[in-house]
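Quick notes on the structure that follows.
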There are 2 protein chains.
Amino acid sequence: MAVNEDPRTLAELLWGLRKPRIRGPRPAYDLARLADTAVKVADTEGLEAVSMHRIAAELGLTKMALYRYVNGKTELMAIMIEAAVGTPPDLSGAAGWRAKLEEYARGLSTAWRRHPWLPSVTVGDRVMGPRETAWAETALSALTDTPLTEHERLDAVMMVSHHIRATHPAATQGTQTWTDGSAAPIMRELLLLNASRFPLLATTVAIPSTTTTREFGLLALLDGLDRTITQRTHNNGDEQTASRPDPP
Amino acid sequence: MAVNEDPRTLAELLWGLRKPRIRGPRPAYDLARLADTAVKVADTEGLEAVSMHRIAAELGLTKMALYRYVNGKTELMAIMIEAAVGTPPDLSGAAGWRAKLEEYARGLSTAWRRHPWLPSVTVGDRVMGPRETAWAETALSALTDTPLTEHERLDAVMMVSHHIRATHPAATQGTQTWTDGSAAPIMRELLLLNASRFPLLATTVAIPSTTTTREFGLLALLDGLDRTITQRTHNNGDEQTASRPDPP
DNA sequence: AGAACACTGTGTACGGTAGAGACAGTTCTG
DNA sequence: CAGAACTGTCTCTACCGTACACAGTGTTCT
């Protein structure tokens, strides 16, 4: 990566603020085409297969020609994300914040199942495009009728997203190292070998799991939000009277 | 990366099962020394500064000499992790599963603050070393007295870890893109510019935050776990009588 | 003691990555 | 029609991880 990492120019690219160029020969392709082929490569061969050379070759271009469209690989990744996220789910069918959040989690999950590289990339400090932003906006809409503050709603939404990300099966993320994945059998073996040092883990991996991490976690998460929400709605009117000082 | 990624040999390295070599000249260094210098470089200059060449040069070695100690960069990373994680916190001082989990979260947080690259690396499908495993064992011990099943306890522990990871300030992980980080001001600007499309987000970023995401999230998480735990302890004896069929 | 052997560290080379900069060709604008 | 602006290509650099042959060094066996 290089000195090109100017977030402002990236933002202009993502939000359609690049001034259209008139003079000179027409570009053979456009950003959408670039993004689509890159997404296709990532979907079928994994994210590590996406290199400047590879994508350029896929389009019948030289590697350096790509730099006429994007300022670097960071920008290519950004437009890939925008192309892949799609549109957020419709939450209007679900009644109540809890059902809406569950629906949102489902939507996130299916989108990520379609593009398994997506969760590992839509992370960290970065400029987001309008389509990805729309997801966050949709998620926030699930909590508008709750007594949570604006930032608490955002926190709650992020919690749900992170949980789905962490339990994403094909992710390079927080897969359950102990029970799933290619390293799991080795870990199991090592734990049973050292059962005296790690008795709790050893017994755990010896037992087959009946529940899924994702469901259990989401349940706990929503239960926890429910607690503060119901608590605040009940104390809503009382709080003022209770905190009102007695007249002298 | 190469064909070297054999998880078995990695496991042997991490768990001290490498047969000690006697013949030939003594190696100038050992794995601990390698790991320590690599950790130091990662701590001071970031994880991307850790390359085979860099670490070798730091030790006064040729790049290729490192391959006499580790089979590749994957193994180097693995021993770096083992060297950096340290020992898990002592939870015996905390009373009850909730306080214990909070203490565990605190310990995780301080360990990751010391080595900001650690959370982004201790993730995904991989073989873990004994010291990292000890952390998981410790975390599990917090929940031994709860009516949760073994796998549910593991799930709960993973949830807490993921949450701390996701809210880790210096992480390449799920920092709050909207409110923190270098891209945040740009996102704020874009949202206020497009406030009609993203009203909820726009109002949110316009308001200063009073609470921290980490605390709010951990609260919700533990509240959620509390619900199932207390629910099950109360229904413990009743459940059998309630589910017992009436005599005909 | 001497030979055989095993191991360490070095030098060179390879294929991969992202990217800079000069250049030729094309197309629009004045 | 001429000049300006733009596209795509070519060559080059600087990294990265890693394979492999080789020289030197120390241990072990005879």
Side-chain angles (χ1 to χ4, degrees), chain A residues 1-6 9-10 12-13 18-34 37-38 41-42 45-80 117 121 126, chain B residues 1-6 9-10 13 18-35 37-38 41-42 45-80 117 121 126:
Chain A
M1 304 291 177
V3 83
N4 279 339
E5 293 172 11
D6 181 9
T9 37
L10 211 182
E12 288 172 3
L13 180 87
R18 281 265 213 279
K19 27 188 171 182
R21 305 179 144 169
I22 309 291
R23 299 276 268 270
R26 297 253 163 67
Y29 306 94
D30 57 357
L31 287 175
R33 180 95 185 268
L34 254 68
T37 55
V41 169
E45 304 177 42
L47 192 63
E48 66 283 355
V50 176
S51 73
M52 292 288 147
H53 181 83
R54 181 73 162 76
I55 302 306
E58 205 78 16
L59 292 161
L61 276 178
T62 325
K63 175 180 57 166
M64 289 315 291
L66 278 192
Y67 288 87
R68 298 288 179 194
Y69 297 85
V70 288
N71 271 333
K73 202 184 182 184
T74 313
E75 286 197 1
L76 177 65
M77 287 303 309
I79 64 171
M80 279 178 67
W117 49 275
V121 169
R126 73 196 197 285
Chain B
M1 306 291 178
V3 83
N4 278 340
E5 294 171 11
D6 180 10
T9 37
L10 210 183
L13 180 86
R18 281 265 213 282
K19 28 187 171 182
R21 306 178 143 169
I22 309 293
R23 298 277 268 269
R26 297 253 161 68
Y29 305 94
D30 58 355
L31 287 175
R33 180 94 185 269
L34 285 194
T37 55
V41 169
E45 304 176 41
L47 191 64
E48 66 282 353
V50 176
S51 72
M52 291 289 149
H53 180 83
R54 181 73 164 76
I55 303 306
E58 205 78 16
L59 293 161
L61 276 179
T62 325
K63 179 177 50 166
M64 288 315 292
L66 280 192
Y67 287 85
R68 298 289 177 194
Y69 298 86
V70 288
N71 271 333
K73 203 186 180 181
T74 313
E75 286 196 3
L76 177 65
M77 287 302 311
I79 64 171
M80 280 179 67
W117 50 274
V121 167
R126 73 195 195 288

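Keep in mind that this is a model prediction, so the values were computed, not measured. To find a chain, count down the sequence lines: A is the first, B the second, and so on, and within it residues start at 1.
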Q) Under the 3.5 Å rule, do the base of C/dG19 and the side chain of A/Lys63 count as making a donor-acceptor pair? A) yes
(Q) Restricting to side-chain contact (heavy atoms from CB on, under 4.5 Å), what partner residues turn up for A/Arg18, sequence neighbours left out? (A) A/Thr9, A/Glu12, A/Leu13, A/Asn71, A/Glu75
Q) CG of B/Leu66 versus P of D/dA19: gap in Å, rounded? A) 14 Å
Q | From C/dT10, C/dT8, D/dC10, nucleotide with atom closest to A/Thr62 side chain | A | D/dC10
Q) Under 3.5 Å, side chain of B/Tyr69 to main-chain N/O of B/Leu34, donor-acceptor pair present? A) no
Q | Non-neighbouring partners of A/Met52 that pass side-chain contact (heavy atoms from CB on, under 4.5 Å), sequence neighbours left out | A | A/Lys63, A/Leu66, A/Tyr67, A/Lys73, A/Leu76
Q) So which heavy atom on B/Ala56 is nearest to which on B/Thr62, and how close? A) CB-O, 3.4 Å
Q: With a 4.0 Å heavy-atom cut-off, tell me which residues in residues 49-57 of chain B come close to DNA chain C, sorted by residue number.
A: none
Q: Could you please spell out the steps behind the side chain to side chain contact (heavy atoms under 4.5 Å, CB included) verdict for A/Thr74 and A/Arg126?
A: CA-CA 10 Å; A/Thr74 313; A/Arg126 73 196 197 285; over 6 Å; no
**Q.** Whole-Å gap separating C1' (C/dA20) and CG (A/Asn71)
**A.** 13 Å
Q: Round to the nearest Å and state the distance from B/Met64 atom CE to C/dA13 atom P.
A: 14 Å
(Q) Within the 4.5 Å heavy-atom criterion, are B/Met80 and B/Val50 side-chain neighbours or not? (A) yes
(Q) Can you list everything that forms a side-chain contact (heavy atoms from CB on, under 4.5 Å) with B/Ala35? Sequence neighbours excluded, please. (A) B/Ile79, B/Ala83
Q: Sugar-phosphate means primed atoms, P, OP1 and OP2; the rest is base. With that split, encode nucleotides 23-29 of chain C 5' to 3' as B, S or - using protein heavy atoms under 4.0 Å.
A: --BBBBS
Q | Short side-chain N/O contact from A/Tyr29 to OP1 or OP2 of D/dG8, under 4.0 Å | A | no
**Q.** Between C1' of D/dC6 and CZ of A/Arg18, the distance in whole Å
**A.** 15 Å
Q.
Using 0.5 Å steps for rounding, measure from the CG atom of A/Leu61 to the CZ atom of A/Arg68.
A. 11.5 Å
**Q.** Whole angstrom value for the distance that separates C1' of C/dA18 from CE of A/Met77
**A.** 14 Å
Q: Figure out the OH/C1' separation between B/Tyr67 and C/dG11, and round it to whole Å.
A: 15 Å
Q: Sort and list the pairs that fulfil salt bridge (Lys or Arg N to Asp or Glu O under 4.0 Å) and have at least one residue in residues 45-54 of chain A, not counting sequence neighbours.
A: A/Glu45-A/Arg54, A/Arg54-A/Glu58
Q | Among C/dG9, D/dT7, D/dT18, the one nearest B/Leu61 by side-chain distance | A | C/dG9
Q: Rounded to the nearest angstrom, tell me the gap between atom NZ in A/Lys73 and atom C1' in C/dA20.
A: 18 Å
